[in-house]
There are 2 protein chains.
Amino acid sequence: MMNASALLKEKGFRITPQRLAVFEAVLGNKTHPSAESVYTAVREKFPSISLNTVYKTLQSFQEAGLLWQLNIARNLRYDGNTLPHAHLCCLRCGQVDDLNGGLAKLFTDLADLGMTKSGFKIDSLEVNFYGSCPSCSRHAVNLGPSGPGDNRLPE
Amino acid sequence: MMNASALLKEKGFRITPQRLAVFEAVLGNKTHPSAESVYTAVREKFPSISLNTVYKTLQSFQEAGLLWQLNIARNLRYDGNTLPHAHLCCLRCGQVDDLNGGLAKLFTDLADLGMTKSGFKIDSLEVNFYGSCPSCSRHAVNLGPSGPGDNRLPE
DNA sequence: TACTTTATAATAATAATTATCATATAGTAA
DNA sequence: TTACTATATGATAATTATTATTATAAAGTA
Ligand SMILES: [Mn+2]
Ligand SMILES: [Mn+2]
Ligand SMILES: [Zn+2]
Ligand SMILES: [Zn+2]
């Protein structure tokens, strides 16, 4: 992982401990945390940070292209991996994983189709799979009735 | 379009004017309306309906597989087309269009990849493109800075 | 028609996110 | 170092979409 301070400075940010902590909390793992999760994680080291600051920091990082803001089941999650890739979102435990491998061409094909078929100018593309992760599949918890496009995450 | 009453009855619903109106409002067009839009549309003919009823009706239709609940830029939109297809979501005017043609295979490929690569059991799959529709592209309104995964819809 | 069940509407509650604004801090230059 | 100015932060309130509660109304049935 790259030097956070240098990267932030390069993007025109002032270097604050809050920003460094949030940066670390998102870029330092692959869990696609929500703002609330980042807040919880950061408070371990920096108990006085406010949730508002977490939200604003994440948003400014997003605008600077440092991270990807994901819309998963109506909540925002954050991803340090800004390369196009799809997500596997478990509706039972809430975990979000990257779907790696062989997708680059699919994304290109999708983007090409989207562009050429319609004249639509694509800024970003999100591909989310909803279902059950291997671990949750085994336990077979019942989530109740579901239909097409049911993207409910557990409480 | 099929007979609404018969279809609802088949799914075990009691036939009420509210349900027929909501059914009509969603299945009768391709605008991917939000609950609020459905509410507005339905009140033309049925002024006493409540927003709560619209929400509950849409949710029960979704659970019955009659429609697809889309997560677009953190809001729920509803789609009478339950076949897998992608969406072009304009961040300037808020319009959501289907991306038709040639996508069936892509979806199959995606689903296969998602399944076999990881053991993840897929219940549903959402593909959303965010950007500017042809009409908005021409007007070139500035939305401010944006980066990867910026899915903000206009106010 | 009378009866039972389910749906509706009014209302309140919830939860995630964003706005406001006074204070604190980072960067910078004397 | 210090003083200065712009920006960031934290406390708090506001907003917005969605869901919960519950008394009343309407649908289905016989
Ligand atoms: Mn990811
Ligand atoms: Mn559609
Ligand atoms: Zn799981
Ligand atoms: Zn548009």
Side-chain angles (χ1 to χ4, degrees), chain A residues 4-6 8-23 32-40 42-43 45-64 69-78 94 144-145 149-155, chain B residues 4-6 8-23 32-40 42-43 45-64 69-78 94 144-145 149-155:
Chain A
S5 291
L8 291 179
K9 204 168 291 177
E10 195 180 294
K11 295 286 185 180
F13 289 104
R14 286 188 180 179
I15 309 307
T16 68
Q18 290 91 337
R19 282 180 176 151
L20 292 172
V22 168
F23 187 99
H32 309 86
S34 63
E36 198 72 46
S37 306
V38 172
Y39 181 51
T40 301
V42 166
R43 270 194 305 179
K45 293 264 180 87
F46 202 106
S48 66
I49 198 172
S50 77
L51 180 56
N52 182 284
T53 296
V54 171
Y55 269 107
K56 300 228 299 200
T57 303
L58 289 168
Q59 185 152 312
S60 63
F61 285 1
Q62 189 281 315
E63 286 166 7
Q69 201 173 51
L70 310 173
N71 265 300
I72 292 184
R74 272 169 291 158
N75 288 122
L76 295 174
R77 310 274 296 243
Y78 299 88
D150 180 359
N151 302 321
R152 294 169 301 162
L153 278 180
E155 76 288 353
Chain B
S5 290
L8 291 179
K9 203 167 291 177
E10 194 180 293
K11 296 285 182 179
F13 288 105
R14 284 188 180 178
I15 309 306
T16 68
Q18 290 91 336
R19 282 181 175 150
L20 292 172
V22 169
F23 187 99
H32 309 85
S34 64
E36 198 74 47
S37 305
V38 172
Y39 181 51
T40 302
V42 166
R43 270 192 306 178
K45 291 266 180 84
F46 201 106
S48 67
I49 197 173
S50 78
L51 179 56
N52 182 285
T53 294
V54 171
Y55 268 106
K56 300 231 297 200
T57 303
L58 289 169
Q59 184 151 314
S60 62
F61 285 2
Q62 189 280 314
E63 286 165 7
Q69 200 173 51
L70 310 173
N71 267 299
I72 291 182
R74 271 169 292 160
N75 289 121
L76 295 175
R77 310 272 297 241
Y78 298 88
D150 180 0
N151 302 320
R152 294 169 301 163
L153 278 180
E155 76 290 352

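Below, all heavy atoms of this structure are taken into account, side chains as well, without hydrogens, waters or symmetry copies. Reminder, nothing fancy here: chain letters follow the sequence lines and each chain counts from 1. In this text the structure is predicted, and so the values were computed from the model without any measurement.
- Here the shortest heavy-atom pairing between A:Arg77 and A:His32 reads NE-O, 2.6 Å.
- When rounded to the nearest whole Å, the span between CG of A:Leu51 and C1' of C:dA15 equals 12 Å.
- Taking every heavy atom of both residues into account, A:Phe46 and A:Pro17 meet most closely at CE1-CB, 3.3 Å.
- Atoms CD (A:Glu36) and C1' (C:dT18) sit 14 Å apart, rounded to a whole Å.
- Between B:Asn52 atom CG and C:dT14 atom P the separation is 16 Å, expressed in whole Å.
- Taking both residues in full, the closest heavy atoms of A:Thr53 and A:Thr57 are given as O-OG1, 2.6 Å, listed atom of the first, atom of the second, then distance.
- Between the CZ atom of B:Phe23 and the CD1 atom of B:Ile15 there is a distance of 9.5 Å, given to the nearest 0.5 Å.
- Smallest separation of non-hydrogen atoms from B:Leu20 and B:Ala4: CD2-CB, 4.0 Å.
- In this structure, B:Asn71 CG and B:Leu76 CG are separated by 6.0 Å, a value rounded to the nearest 0.5 Å.
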Each nucleotide N or O in nucleotides 26-30 of chain C that has a protein N or O under 3.5 Å away: list the pair and distance.
unit_1, atom_1, unit_2, atom_2, d
C:dA26, O3', A:Ile15, O, 3.4
C:dA26, N3, A:Arg14, NH1, 3.2
C:dG27, OP1, A:Ile15, N, 2.8

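- Between the OH atom of A:Tyr55 and the C1' atom of C:dT20 there is a distance of 17 Å, given to the nearest Å.
- Taking every side-chain heavy atom of A:Lys56 into account, C:dC21 is the closest of C:dA9, C:dT18, C:dC21.
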- Task: Start with the C-alpha gap between B:Gln69 and B:Tyr78, add the side-chain angles, then the distance that decides, and say whether side-chain contact (heavy atoms from CB on, under 4.5 Å) holds.
- Result: CA-CA 5 Å; B:Gln69 200 173 51; B:Tyr78 298 88; 3.3 Å; yes
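- Using a 4.0 Å heavy-atom distance criterion, A:Phe46 is classed as a sugar-phosphate-only contact.
- The interatomic distance linking B:Asn75 (CG) with C:dA15 (C1') rounds to 14 Å, in whole Å.
- What separates CG of B:Leu76 from C1' of C:dA15 is a distance of 14 Å, to the nearest Å.
- For the residue pair A:Ala35 and A:Leu51, the shortest heavy atom distance occurs at O-CD1, 4.2 Å.
- Within 4.0 Å of A:Ser48, counting heavy atoms only, lie sugar-phosphate atoms of the nucleic acid but no base atom.
- Contacts between chain A and DNA chain D, taken as any atom within less than 4.0 angstrom of a protein heavy atom, begin and end at D:dA6 to D:dT19.
- Each end of the helix from C:dT1-D:dA30 to C:dA30-D:dT1 gets its own axis from five base pairs, and the two axes differ in direction by 30°, given to 10 degrees.
- Under a 3.5 Å cut-off, the side chain of A:Arg19 and the backbone N or O of A:Arg14 do form a donor-acceptor pair.
- When rounded to the nearest whole Å, the span between CG of B:Leu20 and P of C:dT8 equals 10 Å.
- Annotation: the span from A:Glu36 atom CD to A:Asn75 atom CG amounts to 10.5 Å, rounded to 0.5 Å.
- A:Asp150 approaches B:Gln62 most closely through the heavy-atom pair CB-NE2, 3.4 Å.
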